[in-house]
Each structure stands twice: as C-alpha cells, then as structure tokens.
Amino acid sequence: MILEMKVPSPGESITEVEIAEWLVQDGDYVEKDQAIAEVDSDKATLELPAEASGTITLKAEEGDAVEVGAVVCLIDTGAEKPEGGAAAPAKEAEEKTEKAPAPEAKTPEVKTEKTYATGTASPAAKKVLAEKGIVASTVTGTGKDGRITKEDALNAVPSMGSPSGGNRGTSRSKMSMLRRKVAERLVEAKNTTAMLTTFNEVDMTPIFDLRKEYKEDFKAKHGVSLGFMSFFTLAVVRALKLFPAVNSMIDGKEMISYDFCDISIAVSGPKGLMVPVIRNAENLSFRGVESEVKRLAIRARDGQITVDEMTGGTFTISNGGVFGSMLSTPIINPPQSGILGMHNIVERPVAIDGKVEIRPIMYVALSYDHRIIDGRESVGFLVAVKEALENPVELLMNNDIKRALEM
C-alpha cells in the first residue's frame, strides 16, 4: 500500500512551508513517527514525522516551498524492513555508484606569459596609476611589447580586487522562510508604525545584592537560577498595569487593550530570532518566571518551539546585553505597541547623595508606537520600570524577600 504524506498545518494562517532539510534519503526504510524532515514555516521550524513504517520516496527537494496539504513523499507500507535496519542493498549500491567520482580528464596546462618592456609602465603612466591607486600589473598595456602608456593609465578603471592579492570570494545562500518572515515583519514595523524610542539608565546594585545573597539557595530549592529576567519581567508587568496604553495595540480604527500580560521574550535560536511568550506573567512569581524562561529558551535552542508558543504576546523584552550591546533602539514586534531593550551592565561613575560612586549601570530603551502611546505614557512606563528595578524589595517583593522568592 502506498501512503501519501501531506504537509500538515503547523498553525492558523500558515498556508505554506519550506523543506529545510530531509533527514532521510530517497529509498530509505523509515519507522513510524521517525523524524524524516525539518520544515520551516514563517514562525518556527518543525519536524515532520513519518505517518507509517515503510520505504520512502521523496517528492520535494530541500528548499522547495510547498503548500499545506501538498504531498511531499510516499511511503510503501508493504515494503519489508531490511535486516539490521540498513537501507536495501540495491539502494546502497546505487548510492555508491552515484557518489563515486567520475575520472576527470587531465588537460595539459597552457602557460601564457605577458611580455612587458623594462619598467612595465612609462614614468607618466606610473604617476597616473599611483594617483588612482591602481597596481600596474593589473593594467594591460597597448604600447610596444605590452608597455603601459599614459593613455592606458588614464583609461584604466580601479579594480575591486585587493592589491595585496587577498581572497575576495563571495557566497550566496537562500534565506530560510523564518528569516525571510522576520525580515518582512521588521520592515513592516518600521513602515507602518510611528516608532519612537526613549532611554533611561538603571542602577543594578540592589538586584546584584539580592542575587548575591539568595541565588544559591534559590537554585538549590527551585532548580533554576535567579536571573535578571524575572526582575525585568515583573517590573514590566507592574509598569503595564500603571500605563495600560503600552499594553495595547491597534486593530484597524480601534485600539485593543489587554487586562493580562503575555510577555514575549526575544531569544536567538539556531534558525534565527524567535520570540516565545510567557503567558499571564502577572500571575507568576520569581520562580515561575525563571522556570518558564528556561523552558522556552531550551525549546527554542533545540528547535522544538511551536507556533502557539510564539503567538499572542502583548509586550516584548529583548536582551541585547548578552551579546555585549551597550545601547540600541529595538524594533517593535507587530502588532504589539512596545518593546523594552535590555543592554550590558557596565560599572560607571554616578552621583549618589552628592558623591561620586562606581555602580553597575544598565541602559534601557523603550521603543513604542506613538500612534497610541504618548510621551507621558512612554516616559512614565520606563521610569516605572527603573523604579521597580532600583527598589525591588519594596515594589516587586512587598518587603518580604523570602516569601517572594518562596524560600
């Protein structure tokens, strides 16, 4: 019996996928539920499992864009499994024949030598070439015995080549569907929103002190580290409650505001930027946020993140600091209206009670859609985030550290 395997729908509104990589070869015997291909949608990379056991015949090439519901391979369920689970002997022999390189006919090298007059270029030509930054050996002379004349030098065009003879090769590769979609969304955000960015700085000393005192006990009890993301996520949740316009988005001529906080976190995965969502972050504790961040980051890293886990965020946090970024203007993740950019932490001199002290400082940036968020809301939101991070015990822990950390 021949089973036609069709592309399943990876999520709502997705109409086509791209065959990123076949994990099996044409003619291989596959087991039911074995991963046979990786497919890229515009939101995630997913594995395609075999629907039955049998010999597979591929009907699409790597890089092909195929519609949801299209046949991508056939499985002969009546085929017997080869002994030892290896491919059929005929298949192996065929592969060896295909892989065996054909003998190449050697053609004798024909060496041609250019004949140049003594000095190669005339003095006038040398001067012109020097002014243009052109190496004489790259110019073909029309004078006697190949001598470069002044006219040759005047007509010479600077080459894009390297005078040092360095490599100037290029390569071309197709962008994955996920990367292309990210590019489209970023351009869309720049072209369709009135995006502005406001900045502030945060003294991270209080968070450093808390982590230094409690991080070991926190990890021993909960199995996750007490990182910065839980502080920032809870600070954002508090600020969104104070400034609900930032937790809103435009839908046509209407503004939709949310009474919940689904926080998207931008993470770098093997296939590019991914933005999984922490659902109802307003209901999570420090442990809950850190556990969810770890879970989503692992799934993104391993390519197991699903479309549903990356859909429906109301606000985004992006941490460029892990790559060493000092300051940036993050781009809004549409249709959201705001994104908070975190950056690296650097010891800087700051004025504290009239004295200069060295403190760990992080610059933070809020990019927002000025169509629905005014300056008062944007600046107030970022100041509220700053206040919570610089006074976490009172504003994020209700003056009860051990209870907040569930110690």
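Residue numbers run from 1 in the order of the sequence given.
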- request: Take Ser53 and Tyr29, measure what side chain to side chain contact (heavy atoms under 4.5 Å, CB included) needs, and give me the verdict at the end.
  value: CA-CA 7 Å; Ser53 300; Tyr29 186 89; 3.7 Å; yes

message: Side chains of Asp308 and Thr306: any donor to acceptor distance under 3.5 Å?
response: no

message: What I want to check is whether the side chains of Thr142 and Asp152 have a donor and an acceptor closer together than 3.5 Å.
response: yes

Indicate yes or no: at least one non-hydrogen side-chain atom of [X] is less than 4.5 angstrom from one of [Y].
X: Ser318; Y: Ile339; value: yes
X: Phe218; Y: Arg287; value: yes
X: Met5; Y: Leu48; value: yes
X: Met310; Y: Val275; value: no
X: Ile298; Y: Lys294; value: yes
X: Leu74; Y: Lys59; value: yes
X: Met342; Y: Ile317; value: yes

[X], [atom1]: over 12 other non-hydrogen atoms inside 6.0 angstrom:
X: Glu282; atom1: CD; result: yes
X: Glu31; atom1: CD; result: yes
X: Glu254; atom1: CD; result: no

field: Euclidean distance, Cys73 SG relative to Ile56 CD1, rounded to 0.5 Å
entry: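 One gets 4.0 Å once the value is rounded to the nearest 0.5 Å.
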
message: What verdict does the side chain to side chain contact (heavy atoms under 4.5 Å, CB included) test give for Thr57 and Asp76, after you've listed the backbone C-alpha separation in whole Å, the side-chain angles of each residue and the deciding distance to 0.1 Å?
response: CA-CA 8 Å; Thr57 302; Asp76 183 359; over 6 Å; no

Verdict with reasoning, Leu226 to Phe231, per side chain to side chain contact (heavy atoms under 4.5 Å, CB included): CA-CA 9 Å; Leu226 180 60; Phe231 288 93; 4.0 Å; yes

query: With sequence neighbours excluded, what pairs up with Thr314 under the side chain to side chain donor-acceptor pair (under 3.5 Å) test?
result: Asn247

task: Could you name each residue pair satisfying ring pair (Phe, Tyr, Trp, His ring centres under 6.0 Å) that touches residues 309-343, not counting sequence neighbours?
output: Phe315-Phe381

message: Show, in sequence, the C-alpha distance, side-chain angles and deciding distance for Thr311 and Val277, and conclude whether the side chain to side chain contact (heavy atoms under 4.5 Å, CB included) test is met.
response: CA-CA 7 Å; Thr311 304; Val277 181; over 6 Å; no

